[in-house]
There are 2 protein chains.
Amino acid sequence: MRILVVDDELDIREFVQYNLLKEGYEVACATNGREAVERAVEFRPHLILMDMMMPEMDGREACRALRANPATSKMMIVFLSAVCEEESLVECYEAGADDYITKPVSMKVLCSRVGAICKRIASGEREVFPKSSRLNEEQHSFVADSGEEVRLAVKEFEILRLLHSENRIFTREEIFNAVWGQGVVVGSRTLDVHIRHLRTKIGDNHISTYKGVGFRYEE
Amino acid sequence: MRILVVDDELDIREFVQYNLLKEGYEVACATNGREAVERAVEFRPHLILMDMMMPEMDGREACRALRANPATSKMMIVFLSAVCEEESLVECYEAGADDYITKPVSMKVLCSRVGAICKRIASGEREVFPKSSRLNEEQHSFVADSGEEVRLAVKEFEILRLLHSENRIFTREEIFNAVWGQGVVVGSRTLDVHIRHLRTKIGDNHISTYKGVGFRYEE
DNA sequence: CATCGACTACAAGTATTCGCATAGGAATTT
DNA sequence: AAATTCCTATGCGAATACTTGTAGTCGATG
């Protein structure tokens, strides 16, 4: 799990970085908002811990900039600031922050909150990175991240559309209801065959099966 | 993938051009809005990276001019500007910009965003160039890109007009409704016959069928 | 380690959809 | 009126998409 620490004060950066590293996180730093935006693109952090008041570009602006770019728009952004006035809190949320931690804060508290956030990310409750592949609704095709396009048959497309729509496991029953409709009954093997066709067309690593539960689209 | 870089400052032009060339893009430059409009016609770029403030003709005006000309109206236009005020951002979008990047920006960030845009273009999600073939309403004829003209029957013309109008798959039902009208019912094979006639007249590679979905005009 | 349930692979069968040839009748032109 | 072009219908073969059966694999569980 990668975390980007953004603060203009060296002491705080190093303190936070040291403790997060000890907890097993991968950590990168930036000293102002502008740097943060750049590093976010190249480092691809799951979580950004950012100070509010910084030179060059402050937290609010940086937050808006991050939300505006598709590559970074879904990352967790948590403000870590000494300013604990109501106003700035509201401002943060308006700028698109996910959470807010007031300074000073003990490492124990910080780590526990960071841990909670990371658990949410790991569980898939919150998607942090945008999918690089897309479905082309108008052409009934799948566009891989490499850019190449594959034409899909109707059933294949409908199954993939469902799986692709949300970042979670879909049960077999859900898939049958969504693709074939409630009343229709087809053999259970049918779905397996379509899944296999999809895998050969779009690559084996995209659809993973959860035995006894269902299927899920990944990457 | 061709990119047109428009900026009045030589340093920035060369910096951006050098880095985009290194990434494998074909790059051309212009130093103001007027030049940009001219070069866009002859260079036929997929993407135009344009500064906001320039002498002679500024970004907004150039953008509007590009949108007004059918030959350039669908190109991706992205502003690259130091002015990060809300107002100018809104102005850009009003002028018809597709995206907005604030300067200064690292090459890494720029490349990643340019890459994302190019992927969208490559996937066909966005059509950048107008179709080279066109329909002649008065003559009820089809003019191929080679210039030769084919006369079409009424039904043929109406079907082709529909397919030609948008870059997507049209279902059989849509075609029936558009060409014959809602109430009228004709045999399902009838459409196939007309499609075959069209294909023999305008070439086999233009209309592709999506089994179970519909037909689509291409190229 | 045996068993069971659930998934996969392969192969074959069934159903649907499409392309094409052909043909008769309507509309238009000569 | 005759000739030509255009529209629609129909039937069948071919191609594609979908479903099912059988057999085999995998992993968890007692």
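Proteins come first, then strands; the chains are lettered A, B, ... in the order of their sequence lines, and each starts at number 1.
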Below the 4.0 Å mark, does [N] have OP1 or OP2 next to a side-chain nitrogen or oxygen of [X]?
| X | N | answer |
| --- | --- | --- |
| Trp180(A) | dC18(D) | no |
| Arg189(A) | dC18(D) | no |
| His197(B) | dC6(D) | no |
| Thr209(B) | dG19(C) | yes |
| Thr190(B) | dA9(D) | yes |
| Arg199(B) | dG19(C) | yes |
| Arg196(B) | dA21(C) | yes |

Tell me: [atom1] of [X] to [atom2] of [N], nearest whole Å?
| X | N | atom1 | atom2 | value |
| --- | --- | --- | --- | --- |
| Lys155(A) | dA15(C) | NZ | C1' | 12 Å |
| Arg151(B) | dT4(D) | CZ | P | 15 Å |
| Arg172(A) | dA6(C) | CZ | C1' | 8 Å |
| Ile169(A) | dA6(C) | CD1 | C1' | 15 Å |
| Glu156(A) | dT19(D) | CD | C1' | 13 Å |
| Asp192(B) | dA15(D) | CG | P | 16 Å |

Checking dT19(D), dT8(C), dG19(C) against the side chain of His194(A) (C-beta onward), the nearest is dT19(D)
Along DNA chain D (nearest heavy atom to each residue), the more 5'-positioned of Ser188(B) and Lys211(A):
Ser188(B)
DNA chain D: 5'-proximal contact among Val193(A) and Leu152(A) (nearest heavy atom)
Leu152(A)
With Leu49(A), which of Val114(A), Leu4(A), Ile77(A) fulfils side-chain contact (heavy atoms from CB on, under 4.5 Å)?
Val114(A)
